[in-house]
Amino acid sequence: MFGLLGKRKRPQMLGIDISSTTVKLIELTRVGHRFRVEAYAVASLPQDAVVEKAVNNIEDVAAAIRSVHSQARTKNKHVVSAVAGSSVITKVLSMPAGLNDEDLETQLTFEADQYIPYPLDEVALDFEVQGATAGRTDMVDVLLAACRRETIDARVDALEAAGLVPKVMDVEAYAMERAFELVKPQADIDDRSTVAIVDIGATMTTLSVLHRGKTVYTREQFFGGKQLTDEIMRRYGLPLEEAGLAKKQGGLPDDYETDLLNPFREAVVQQVARSLQFFFSSSDFNGVDHIFLAGGVAAMDGLSGLVAERLGSPVSVANPFAEMTIGTRVNAVALNSDAPAMMIACGLALRSFD
């Protein structure tokens, strides 16, 4: 059992999000009910170090992790990181009420063989009791989660090679769910609402739909900001790093907005609409009450307004740090700029307070 679900007492931990193009670090503390950002850093990954959410080059990822840890100037070495939701199999099983964790683990390991399409010695398992089974007083629903060990081990190896101590391996969708609690008050969202969080990264867009605060649907698709970066490289003959900086800081020729940026915005809207349509067609839902845009593309000028106009739903850009205080070691301007892309890292850091 590998600790991605259970709320076990653990030391203060750094949230480290390893995505396809960057490593992001967040360290939080809490005074009363208010959180404080103590450390934050982002480092770029070499191309193909992480491919389709899988660590492909442990040494390159470890170097980026060392970089964010050094930039953050934190002494904490305990880490919570995450695997992609697409690499985790989940199943809700009914189990006899009253079993202790050890007995549950034994029985679930026996039951898991029916649901996991891999040899159990290649899989890491975890579970969480969800509550009483509907209509039964003698049974409880238990969420079983399983992930290939090689997927977890690659991340663990990279963290350990960077000199850090991985304590928890979470799931990105659950980290996003945790971070949602921080952005929910900004949009005055009712506890019963159905909310879509669209995380648009460099190479991957992930839709998470939450109903009454719980994840009911996730879907990943290959689309992201790198497509715009690639177009800038082709059109203006810029190397990758310069194209990325120009996209973020400006200074591109006058035809950039009409010829590249506007078509990319339209493509984002189409991807969001398509993702939501997949959700509606595979569920009993036919609408969402609010859309949050997250990821590095989310804060693009004019994007949230365009999504709201085309899809007819209220849209906000996610900022999990809006109500937090900021520590003296943190560059508040840079953190605010990166905030939409830090949702998963923030949600991971929140595991310290479960």
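Side-chain atoms are counted along with the backbone in the values below, which use heavy atoms only and exclude waters and symmetry mates.
Interatomic distance, CZ of F127 versus CD of E111, reported as 13.5 Å (0.5 Å rounding). One finds the CZ atom of R329 at 5.5 Å from the OG1 atom of T74 (value rounded to the nearest 0.5 Å). Remark: E220 CD to L207 CG distance equals 10.5 Å, nearest 0.5 Å. In this structure, CG in L348 is found 8.0 Å from CD in E172, a value given to the nearest 0.5 Å. Rounding to the nearest 0.5 Å gives a distance of 5.0 Å between CE of M300 and CZ of F264. Taking CD from Q227 and CZ from F223, the interatomic distance works out to 5.0 Å, rounded to the nearest 0.5 Å.
T203 and S20 form a side-chain donor-acceptor contact under 3.5 Å, judged by distance and modelled atom types alone. Q107 and E105 form no side-chain donor-acceptor contact under 3.5 Å, judged by distance and modelled atom types alone. In this structure, a donor-acceptor pair under 3.5 Å is present between the side chains of Q71 and S67. In this model, no donor atom of one side chain and acceptor atom of the other lie less than 3.5 Å apart for D199 and T206. Under 3.5 Å, the side chains of N331 and Y40 contain no donor-acceptor pair of N or O atoms. For the residue pair S193/H290, the side-chain donor-acceptor check at 3.5 Å is not satisfied.
A salt bridge between R136 and D141 is absent, with no side-chain N of the basic residue lying under 4.0 Å from a carboxylate O of the acidic one. A salt bridge between D170 and R351 is present, with a side-chain N of the basic residue lying under 4.0 Å from a carboxylate O of the acidic one. At a threshold of 4.0 Å, the pair D255-R235 counts as salt-bridged, since one of the basic side-chain nitrogens sits closer than that to a carboxylate oxygen. The pair R265-D301 fails the salt-bridge criterion, with no side-chain N (NZ, NE, NH1 or NH2) lying under 4.0 Å from an Asp/Glu carboxylate O. Of the charged side-chain nitrogens involved, none lies within less than 4.0 Å of a carboxylate oxygen, so that E323 and R34 do not count as a salt-bridged pair. Salt bridge annotation for K226-D230: present, with a cationic side-chain nitrogen under 4.0 angstrom from a carboxylate oxygen.
The backbone N or O of G225 lies less than 3.5 Å from a partner atom in the side chain of T229, making a donor-acceptor pair. S70 places no side-chain N or O within 3.5 Å of a backbone atom of R66 that could act as its donor or acceptor partner. Between the side chain of Q186 and the backbone N or O of N319, at least one donor-acceptor pair lies under 3.5 Å. Side-chain atoms of S316 never come within 3.5 Å of backbone atoms of A318 as a donor-acceptor pair (strictly under, hydrogens ignored). No donor-acceptor distance shorter than 3.5 angstrom exists from the side chain of R219 to the backbone of L276, with no hydrogens or angles considered. In this structure, D338 contributes its side chain and A341 its backbone to no donor-acceptor pair below 3.5 Å. The main-chain N or O of M342 is never found under 3.5 Å from a side-chain atom of D17 such that the two would form a donor-acceptor pair. Remark: the backbone N or O of V123 is paired with a side-chain donor or acceptor of R149 at under 3.5 angstrom.
Both V297 and I291 are assigned to one and the same hydrophobic cluster, defined by single-linkage of ILVMFWY side chains at heavy-atom distances under 4.5 Å.
Counting only residues at least two apart or on different chains, the ring pair (Phe, Tyr, Trp, His ring centres under 6.0 Å) pairs with a member in residues 320-354 are F35-F353.
Taking the ring centroids of Y217 and H211, they lie at or beyond the 6.0 Å cut-off.
Counting heavy-atom neighbours within 6.0 Å of N286 CG, excluding the residue itself, gives a total of 12 or less. Atom CZ of F278 has 12 or fewer neighbouring heavy atoms from other residues, nucleotides or ligands inside a 6.0 Å radius. Around atom CD of Q114, more than 12 heavy atoms belonging to other residues, nucleotides or ligands sit under 6.0 Å away. At most 12 heavy atoms of other shown residues, nucleotides or ligands fall within 6.0 angstrom of atom NZ in K77. More than 12 heavy atoms of other residues, nucleotides or ligands lie within 6.0 Å of CG in D138, so this atom counts as buried by the packing criterion. A 6.0 Å sphere centred on CD of Q47 holds no more than 12 heavy atoms belonging to other residues, nucleotides or ligands.
By the 4.5 Å heavy-atom criterion applied to side chains, I58 and V55 are counted as neighbours. In this structure, V142 and L108 have side chains that are in contact, with non-hydrogen atoms separated by less than 4.5 Å. Side-chain contact between R192 and D289 is absent, with no heavy-atom pair separated by less than 4.5 Å. The shortest side-chain heavy-atom distance between V80 and I16 does not fall under the 4.5 Å cut-off.
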Practice prompt. Go through the steps for I18 and K24 under the test side-chain contact (heavy atoms from CB on, under 4.5 Å), then give the verdict.
Written response: CA-CA 7 Å; I18 302 168; K24 309 177 192 74; over 6 Å; no
Discussion item. Under the criterion side-chain contact (heavy atoms from CB on, under 4.5 Å), I'd like the reasoning laid out for Y118 against I89: C-alpha separation, chi angles, the key distance, then a yes or no.
Written reply: CA-CA 11 Å; Y118 314 111; I89 298 167; 4.0 Å; yes
